[in-house]
2 protein chains.
Amino acid sequence: MHDPSTVGLPRPWRATRQRAAVLRSLRDAADFTSARELHEALTAGGTRVGLTTVYRTLRMLEREGRVDIVRDRTGERLYRPRPTDGHRHYLVCRRCGLSLAVAAEAVERWADDVATDTHFSAVEHTVELSGICEQCGARPDRDASHQ
Amino acid sequence: MHDPSTVGLPRPWRATRQRAAVLRSLRDAADFTSARELHEALTAGGTRVGLTTVYRTLRMLEREGRVDIVRDRTGERLYRPRPTDGHRHYLVCRRCGLSLAVAAEAVERWADDVATDTHFSAVEHTVELSGICEQCGARPDRDASHQ
DNA sequence: TTCGTTGCAAAAGGTTTGCATACCA
DNA sequence: TGGTATGCAAACCTTTTGCAACGAA
């Protein structure tokens, strides 16, 4: 059923033009970006990549823990390269999309405590913070003309 | 554009057989439940309700703040009637679906602090905790035979 | 009688999969 | 050359919307 010698080993993965392009595009993006946005940016820049490949590359990065992921309110997944080791939490402006990494030691500690108290194992947590940033709060209009 | 006399007033809403059925079904559900599951339970129980109506009722409850909502990992929305005033956070078992409401004052305080520090306004937070419950952790099999 | 509600069907999104082709190692 | 990656189209799923018919107040 399983070949014991390969179980758990990361599969070798090939360096291709498309994957390099997706990675570059993801790093160039200022903030959290959706698969569709990445694909549009690549296409607009003259790089021919299939939307499917963008999704597959993002899934690969997700499996390897190399991206942070949040969901916007429609359920769309937004990706950002993970800056260092360990994960981060972000505060995202609902109006203009600006995102800030925030200190979250308190949440990490709380999650650990919850795991201990409930006797659950392998506890994972997702925290999503959203609000209106200072700049957007100052202007009552709807669009995100700054940034 | 707006009739000032009605702005902000909750619309009158009619008591119908279908809404009553959805509400009852939601209360009867042991844990977080999806629209599809509610609809299947109702249909199986002989109550004819359209899936559309289930969704519309859940949206109404959401607007009125009468349900807690989490997303499972596929992005599907799961609903549960909100027990008291104020929102709750839950720890959900990834194997059997068991959910526990957990104390989250630490997170609430942290969210408030973040709002203050960043000068963001109208800060909202979503926290999702998942893990493996004690019972599931004890049995290595995949299914959720207990509960 | 009025106007909110229902339900079907269809649309709308985002995401995944089947499969023949292309291409890295 | 062998097996992975690609890309198109189509499938999938959940959720929303258009619209004619229904029914609570």
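Owing to the predicted nature of the structure, the values given are computational and were not obtained by experimental measurement.
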Sequence-distant partners of [X], side-chain hydrogen bond (donor to acceptor under 3.5 Å, both in side chains), two or more places apart:
X: A:Asp72; value: A:Thr74
X: A:Arg94; value: A:Ser130
X: B:Arg71; value: none

Atom of B:Arg66, atom of B:Leu23 and distance for their closest heavy-atom approach: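 Nearest pair, atom of B:Arg66 first, then B:Leu23: NH2-CD2, 4.3 Å.
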Helix axis bend for the helix from C:dT1-D:dA25 to C:dA25-D:dT1 - C1'-based end axes, five pairs, 10° rounding: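 Helix axis angle between the two ends: 30°.
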Presence of donor-acceptor pair under 3.5 Å, side chain of B:Arg36 and base of D:dC13: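 It does not, because no donor-acceptor pair links the side chain of B:Arg36 to the base of D:dC13 below 3.5 Å.
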Donor-acceptor pair (no angle test) under 3.5 Å: A:Arg14 side chain, D:dT4 base: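 Indeed there is one.
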Results of side chain to side chain contact (heavy atoms under 4.5 Å, CB included) for B:Tyr55 - residues two or more places apart only: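 Side chain to side chain contact (heavy atoms under 4.5 Å, CB included) list for B:Tyr55, sorted by chain: B:Ala35, B:Leu51.
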Residues touching DNA chain C, which here means a heavy atom under 4.0 Å, drawn from residues 40-57 of chain B: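 Going residue by residue through residues 40-57 of chain B, the ones with a heavy atom under 4.0 Å of DNA chain C turn out to be B:Arg48, B:Val49, B:Gly50, B:Thr52, B:Thr53, B:Arg56.
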Over how many whole Å does the gap from [X] atom [atom1] to [N] atom [atom2] extend?
X: A:Leu61; N: D:dA5; atom1: CG; atom2: P; value: 13 Å
X: A:Glu37; N: C:dT15; atom1: CD; atom2: P; value: 11 Å
X: B:Arg59; N: C:dT6; atom1: CZ; atom2: P; value: 14 Å
X: B:Arg71; N: D:dC13; atom1: CZ; atom2: P; value: 18 Å
X: B:Leu38; N: D:dT14; atom1: CG; atom2: C1'; value: 14 Å

A:Trp110 CH2 to B:Glu105 CD distance, which is reported to the nearest 0.5 Å: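 A:Trp110 atom CH2 to B:Glu105 atom CD measures 9.5 Å (nearest 0.5 Å).
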Gap separating the CG atom of A:Leu58 from the CG atom of A:Leu78, nearest 0.5 angstrom: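 Between atom CG of A:Leu58 and atom CG of A:Leu78 there are 10.5 Å.
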Return the nearest nucleotide to the side chain of [X]; candidates are [options].
X: B:Arg19; options: D:dA25, C:dT5, C:dC23; value: C:dT5
X: B:Glu76; options: D:dT15, C:dC24, C:dT17; value: D:dT15
X: A:Thr16; options: C:dG14, D:dT6, D:dG23; value: D:dT6

4.5 Å side-chain heavy-atom contact, B:Leu38 and B:Thr57: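 They are not in contact (no side-chain heavy atoms under 4.5 Å apart), so the answer is no.
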Pairwise side-chain contact, A:Phe120 with A:Val114, heavy-atom cut-off 4.5 Å (strictly under):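 A side-chain contact under 4.5 Å is absent here.
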Short side-chain N/O contact to D:dT16 OP1/OP2 from B:Arg77, under 4.0 Å: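 Affirmative; the distance criterion is met.
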C:dT5 OP1/OP2 closer than 4.0 Å to side-chain N/O of B:Gln18: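 So the side-chain polar atoms of B:Gln18 never come under 4.0 Å of the phosphate oxygens OP1 or OP2 of C:dT5.
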Which residue lies more 5' along DNA chain D, comparing B:Gly75 with B:Arg17 via nearest heavy atoms: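 Between the two, 5'-proximity favours B:Gly75.
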